[in-house]
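In each ligand, atom 1 is the first atom listed, and ligand 1 is the first ligand listed.
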Amino acid sequence: MRDFEIRHYEIIDSTNTEARRLSQVEGGDRLVVVADRQTAGKGRRGRSWESDEGGNLYFSVLLRPDFSTEKAPMLTLVMAYSVAEVIREYLPSVQIKWPNDLVVDGKKLCGILTEMHLCESKIEDVIIGVGINVNCSRFSEGLSDAATSMSMQLGKQVEAGVLLAAVLEAFEKNYREFCQVQTLSFLQGAYHCLLANYEKQVRVLAPGQEYDGLALGINETGELLVQKEDGSVEHVYAGEVSVRGIYGYV
Ligand code: BTN
């Protein structure tokens, strides 16, 4: 596998959007789009991602994998795990909130937005966008109770470029393993050690249904196993669901 190619922008609308444009124009693979600031950063569920402050990380990895569509959501978990592996060197208490957030102290530190595009029902590309609150010193009003940054936690600034290089190295290693086995079996045990929801009571909010249960961890395809009060175990697919702790965000 060849190395990732990095394209850096001082300012862009959204690194995910730019990665998609480059995918359509150049048909690239293993391309990383990174920006100092975004004017239209995208979050999950149509939300926006605050991106006007420098010193944070906003990047997207463009991949053109040769596997079937149902495998793509696992890449979100591979990325979350890779970012957590690196951040825990700085902040040992970092945890993964399945499937795509990293949290510290119950507050969000990183979000991941994976977008897949199809051509004749095959994967054309997968774009994994990552936003890490590295050096922000403030959040807008509605976010300040729910979000944190590495510098707020550490009381000092973190070199964003060093962090990005380490994340890409970790992702490259984990992505290579994933491409070989095409399951998450190689990281399941280590993932559970980082999983904030592990053996916790959770509330699953899926379209048209809502239930509580005990999160038992992930299976090898990345679904969250949730045991309901009647003993049955639901396999929660990382699609349009939200998993919350019964008491709060995590
Ligand atoms: C979330 O809602 O938690 C996901 C946020 C993902 C934000 C990142 S920032 C870099 C990349 N470009 C975007 O427009 N969004 C992602």
Practice item. Quick one: list whatever passes side chain to side chain donor-acceptor pair (under 3.5 Å) with S68, sequence neighbours left out. Key: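 Only E70 meet the side chain to side chain donor-acceptor pair (under 3.5 Å) criterion with S68.
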Review point. N16 and side-chain hydrogen bond (donor to acceptor under 3.5 Å, both in side chains): which partner among R21, K42, Q38, E115?
Key: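 With N16 as partner, side-chain hydrogen bond (donor to acceptor under 3.5 Å, both in side chains) holds for just one option, E115.
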Check your understanding: What is the minimum heavy-atom distance between K107 and S144, and which atoms define it?
Key ->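 Shortest heavy-atom contact: NZ-O, 3.8 Å.
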Point to revise | ring-ring contact (aromatic ring centres under 6.0 Å, His included) involving H8 - partner list, sequence neighbours excluded | key: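 Testing H8 for ring-ring contact (aromatic ring centres under 6.0 Å, His included), a comparison that skips the adjacent residues, returns none.
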**Study point:** R64 and S23: side chain donor to acceptor below 3.5 Å
**Key:**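 Yes, because at least one side-chain N or O of R64 sits under 3.5 Å from a partner of the opposite role on S23.
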Check your understanding: Heavy atoms under 4.0 Å from ligand 1: which residues qualify?
Key ->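 Close residues (ligand 1, cut-off 4.0 Å): S14, T15, N16, Q38, G41, K42, G43, R44, W49, Y58, F59, S60, D101, K108, G111, I112, L113, G129, V130, G131.
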Practice item. Starting from L216, walk the hydrophobic network (Ile, Leu, Val, Met, Phe, Trp, Tyr; side-chain heavy atoms closer than 4.5 Å) and list everyone else you reach, by chain and number. Key: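 Its cluster partners, ordered by chain and number, are L214, L225, V233.
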